[in-house]
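Notes follow the structure.
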Amino acid sequence: MVDSNTDSQIYQDLITPLNTHFASHSKSSALEPPPPPKSYWRFSKQDFFPEPSFQNLSTYRTALSQTCHRLKDRLFGRSTDANELVDLKKQSEYDMKQCLTWWDLIWMGFGAVVGSGIFSITGQETHNDAGPAIVLSYAASGLSALLSVFCYTEFAVEIPVAGGSFSFLRIELGDFLAFIAASNILLEAVVGAAGLGRSWSSYFASMIKSDADFLRIRVNSFAEGFNLLDPIAVVVLAIANTIGMSGTQRTSCLNSIASIFSAGVIVFIIIVGFLHARSSNLVPFFPYGAEGVFKAAAVVYWSYIGFDLVATMAEETKKPSRDIPLGLVGSMSIITVVYCLMALALVMMVNYTQVDVNAAYSTAFERIGMKWAKYLVSLCALKGITTSLLVGSMGQARYTTQIARAHMIPPWFALVHPRTGTPINATLLVTIISCIVAFFSSLDVLTSVLSFSTLFVFMLMAVALLVRRYYVKDVTPKHGLVKFLLCLSVILGSSIVIIALWSSNKRGWIGYAVAGAFWLMGTLGMVLLPKQRVPKVWGVPLVPWLPSLSIGMNVFLIGSLGGVAFLRFFICSAVLLVYYLVVGVHATYDVAHPGNQEWEN
């Protein structure tokens with residue numbers, strides 16, 4: 001859905017009320033000399049904890065005594081578009097540089113998503129779960145990812161800020177839920193970066209010697225899983241994040257060059273695969289049935305992870321209304337087609353029973369007499385890990401920046417460097433944490449990283465989009481809100497029932513038909529409700545059908561993760577909740593109610 005408003009008109013609509021509010025102060029401000037610029041590298045208590053609640057021990061005790069009241073306020077406290085676009089950006093003191101185009105975003109999406117996953121996961125799932133139908137597994141996962149991309153794109157076009165899902169959820173679902181969801185996904189991203197660092201080290205060592213631990217230092221006195229120290233992973237992470245700190249445009253150019261090389265290798269793999277294809281290898285197409293296809297889809301979904309980090313670059317795009325839809329939707333559409341073609345090339349080259357579970361493509365090339373090509377595959381995988389680290393370092397830092405702008409962590413981490421136009425403090429924070437984790441933790445300890453939180457946030461983004469379309473505070477009548485919440489509850493409930501039936505191994509059609517009928521009724525009920533907001537520039541088509549389908553698919557994938565992922569999510573959320581009650585709720589309450597006490601930014 002497209003509106004004729006331009007980006008500049010939308011921006012003016014948002015800041016005009018703020019300009020009017022501050023107009024009375026403009027004359028007196030003009031008479032005063034501007035204050036001297038602050039040094040970027042400053043470390044006073046006021047820079048870390050400027051809020052009244054943390055001025056001294058007495059004020060902090062008073063704040064703690066009001067925790068219940070403040071928590072209730074923040075549970076239902078929602079941000080606004082203008083607050084995220086204008087007010088919070090002032091915490092950074094300097095603006096990030098708007099230097100990215102749709103071309104940059106497409107290659108950033110390619111670099112972030114196309115890592116080592118397609119090379120390491122495809123063989124395992126083809127051999128064990130899906131057979132030749134692995135193509136459909138990639139198509140189903142790609143559809144689910146594309147639905148989430150649609151939701152991200154609508155928000156990013158209208159609210160082009162660095163916070164990505166954190167800002168979007170904060171506007172529609174409130175402070176508390178946004179903090180729990182976004183901080184979990186940030187934690188996963190940071191630990192995931194450590195895992196990528198260890199993977200880079202393993203690939204590099206394997207190219208030198210057939211031993212992935214060749215370059216690691218074993219310390220027998222340390223616990224198993226933490227006793228292989230990896231200095232190479234630390235160096236790689238430090239270099240990638242340093243490049244990210246040096247400038248967005250420079251990092252984007254390096255990523256584009258590396259991604260173009262990777263695209264060339266992938267085209268080579270696809271062409272050679274089809275030249276040596278045998279249609280007989282596609283029979284039987286469903287050796288493990290539909291269950292195997294969906295099981296594989298839940299696993300190969302992780303090959304699509306990374307586009308959410310690209311959405312955090314919206315603040316640095318030159319023309320969000322054009323660049324973000326082309327960059328995000330375009331890159332994910334291309335990646336889905338590429339993955340399906342790569343999977344099809346593999347299963348047509350080699351019978352699924354002979355596909356190597358660890359090195360599918362390298363072994364396939366050996367079988368057709370192209371042993372040298374395995375080095376090309378290794379280089380492509382190494383490049384994929386490197387670009388994932390580059391784009392990931394930028395995305396993680398921008399998540400952190402927006403969380404700091406909201407004062408959920410010290411606002412010192414929100415500062416943007418005046419020369420580079422990048423959030424150096426936030427980048428240093430995620431770099432140090434990921435380097436420490438990568439140095440000590442082995443890959444098997446980090447394997448549960450990409451799990452619950454990512455899909456949970458994707459599901460919440462679909463919910464937030466429906467809330468944005470069907471509920472506007474002080475506009476939507478109470479009975480309209482009740483009807484909307486009822487329809488939403490039916491959609492969520494029926495989706496949960498479907499995955500519960502699937503997880504219990506019940507394959508009778510009656511239960512699925514009833515749950516599917518309820519999902520259909522909930523979505524149809526929402527179709528009959530009047531929309532309260534129309535996208536100004538670019539909107540998700542077929543609302544509420546596509547967001548409702550996204551909710552169902554993400555809930556299904558969440559349910560297929562297993563108990564360990566649920567346990568990890570709840571443990572991390574409990575730790576984050578303690579931090580929020582001790583620090584976050586008081587800082588954000590002070591920011592939301594500045595009239596109660598005077599304080600300085």
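These values consider heavy atoms only, across backbone and side chains, with no hydrogens, waters or symmetry-generated copies.
No donor-acceptor pair closer than 3.5 Å links the side chain of Ser144 to the backbone N or O of Ser141. Using modelled atom types, no side-chain atom of Thr363 and backbone atom of Ala360 make a donor-acceptor pair closer than 3.5 Å. At least one donor-acceptor pair under 3.5 Å links the side chain of Asn425 to the backbone N or O of Trp412. Between the Thr126 side chain and the Gly123 main chain, no donor and acceptor come within less than 3.5 Å of each other. A donor-acceptor pair under 3.5 Å links the side-chain atoms of Lys97 to the main chain of Arg419, judged by distance alone. Looking only at distances, a side-chain donor or acceptor of Tyr288 sits under 3.5 Å from a matching main-chain atom of His127.
In this structure, OG on Ser259 lies 11.5 Å from CD1 on Ile106, to the nearest 0.5 angstrom. The distance from atom OG of Ser183 to atom CG of Leu577, rounded to the nearest 0.5 Å, is 10.0 Å. Distance check: Ile385 CD1 to Ser202 OG gives 8.0 Å after rounding to the nearest 0.5 Å. To the nearest 0.5 angstrom, His276 atom NE2 is 9.0 Å from Phe365 atom CZ. The distance from atom OG1 of Thr248 to atom CG of Asn255, rounded to the nearest 0.5 Å, is 12.0 Å. Within the model, atoms CD1 of Ile121 and CD1 of Ile118 stand 8.5 Å from one another, a figure rounded to the nearest 0.5 Å.
For Tyr40, the ring-ring contact (aromatic ring centres under 6.0 Å, His included) partners are His417, not counting sequence neighbours. Legend: residues meeting ring-ring contact (aromatic ring centres under 6.0 Å, His included) with Phe307, ordered by chain and number and at least two apart, are Tyr152, Phe458. For Phe566, the ring-ring contact (aromatic ring centres under 6.0 Å, His included) partners are Phe452, not counting sequence neighbours. Under the rule for a salt bridge (Lys or Arg N to Asp or Glu O under 4.0 Å), the partners of Glu315 that lie at least two apart in sequence or sit in another chain are Arg405. The side chain to side chain donor-acceptor pair (under 3.5 Å) test applied to Thr422 returns Thr420, not counting sequence neighbours. Applying the side chain to side chain donor-acceptor pair (under 3.5 Å) rule to Tyr399 yields the partners Ser165; only residues at least two apart in sequence or on another chain are considered. Residues forming a salt bridge (Lys or Arg N to Asp or Glu O under 4.0 Å) with Lys295 (at least two apart in sequence, or on another chain): Asp129. Scored by the salt bridge (Lys or Arg N to Asp or Glu O under 4.0 Å) test, Arg42 finds Asp47, Glu93 as partners (sequence neighbours excluded). For Asp104, the salt bridge (Lys or Arg N to Asp or Glu O under 4.0 Å) criterion is met by no residue, not counting sequence neighbours.
Ring planes of Phe456 and Phe569: perpendicular class, angle over 60° (limits at 30 and 60°). Taking the six-membered ring where the residue is Trp, Tyr579 and Phe179 present parallel rings, their angle staying beneath 30° rather than reaching 60°.
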Quiz: residues 228-245 side-chain donor-acceptor pairs under 3.5 angstrom, not counting sequence neighbours:
| residue | atom | partner | partner atom | Å |
| --- | --- | --- | --- | --- |
| Asp230 | OD1 | Ser201 | OG | 3.1 |
| Asp230 | OD1 | Ile232 | N | 3.3 |
| Asp230 | OD1 | Ala233 | N | 3.1 |
| Asp230 | OD2 | Ser201 | OG | 3.2 |
| Asp230 | OD2 | Arg216 | NE | 2.7 |
| Asp230 | OD2 | Arg216 | NH2 | 3.2 |
| Asn241 | OD1 | Thr431 | OG1 | 3.2 |
| Asn241 | ND2 | Leu237 | O | 2.7 |
| Thr242 | OG1 | Ala238 | O | 2.6 |

Give the table of side-chain donor-acceptor pairs shorter than 3.5 Å for residues 340-353, with sequence neighbours excluded, one pair per line with atom names and distance.
| residue | atom | partner | partner atom | Å |
| --- | --- | --- | --- | --- |
| Asn351 | OD1 | Thr353 | N | 3.0 |
| Asn351 | OD1 | Thr353 | OG1 | 2.7 |

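The closest side-chain heavy-atom distance from Val265 to Lys383 is not below 4.5 Å. The side-chain heavy atoms of Asp308 and Val457, taken from C-beta on, include no pair separated by under 4.5 Å.
Here the closest non-hydrogen pair linking Val555 and Met459 is CG2-CG, 4.0 Å. Shortest non-hydrogen contact noted between Ala194 and Val437 is CB-CG1, 3.7 Å. Nearest heavy atoms, Pro132 versus Pro287: CD-CD, 3.9 Å. Of all heavy-atom pairs between Ala404 and Ala414, the closest is CB-N, 3.6 Å. Between Gly559 and Ser503, the shortest heavy-atom contact is O-OG, 3.7 Å. Shortest non-hydrogen contact noted between Ser167 and Val161 is OG-CG2, 3.5 Å.
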Decide yes or no on side-chain contact (heavy atoms from CB on, under 4.5 Å) for Tyr304 and Leu146, but give the supporting numbers first. CA-CA 9 Å; Tyr304 291 96; Leu146 193 58; over 6 Å; no
The test is side-chain contact (heavy atoms from CB on, under 4.5 Å); show your working for Leu196 and Trp200 and say whether it passes. CA-CA 6 Å; Leu196 284 173; Trp200 199 102; over 6 Å; no
Using the side-chain contact (heavy atoms from CB on, under 4.5 Å) rule, take Val430 and Phe413 through it: C-alpha gap first, then chi angles, then the decisive distance, then the call. CA-CA 10 Å; Val430 298; Phe413 295 108; over 6 Å; no
Please report the C-alpha distance between Leu100 and Met108 in whole Å, then the side-chain angles of each, then the deciding distance to 0.1 Å, and finally whether the side-chain contact (heavy atoms from CB on, under 4.5 Å) criterion is met. CA-CA 10 Å; Leu100 300 176; Met108 288 180 74; 4.0 Å; yes
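Judged purely by distance below 3.5 Å, without hydrogens or angles, the side chains of Tyr138 and Thr122 pair a donor atom with an acceptor atom. Checked by atom type, the side-chain pair Ser252/Trp107 shows no donor-acceptor distance below 3.5 Å.
Residue pairs meeting the salt bridge (charged side-chain N to carboxylate O under 4.0 Å, His left out) criterion with at least one member in residues 386-400, sequence neighbours excluded: Glu316-Arg398.
Just one of Val299, Ile134, Val300 meets the side chain to side chain contact (heavy atoms under 4.5 Å, CB included) condition when paired with Gln124; it is Val299. Of the candidates Ile266, Val310, Val391, Ile266 is the only one forming a side chain to side chain contact (heavy atoms under 4.5 Å, CB included) with Phe110.
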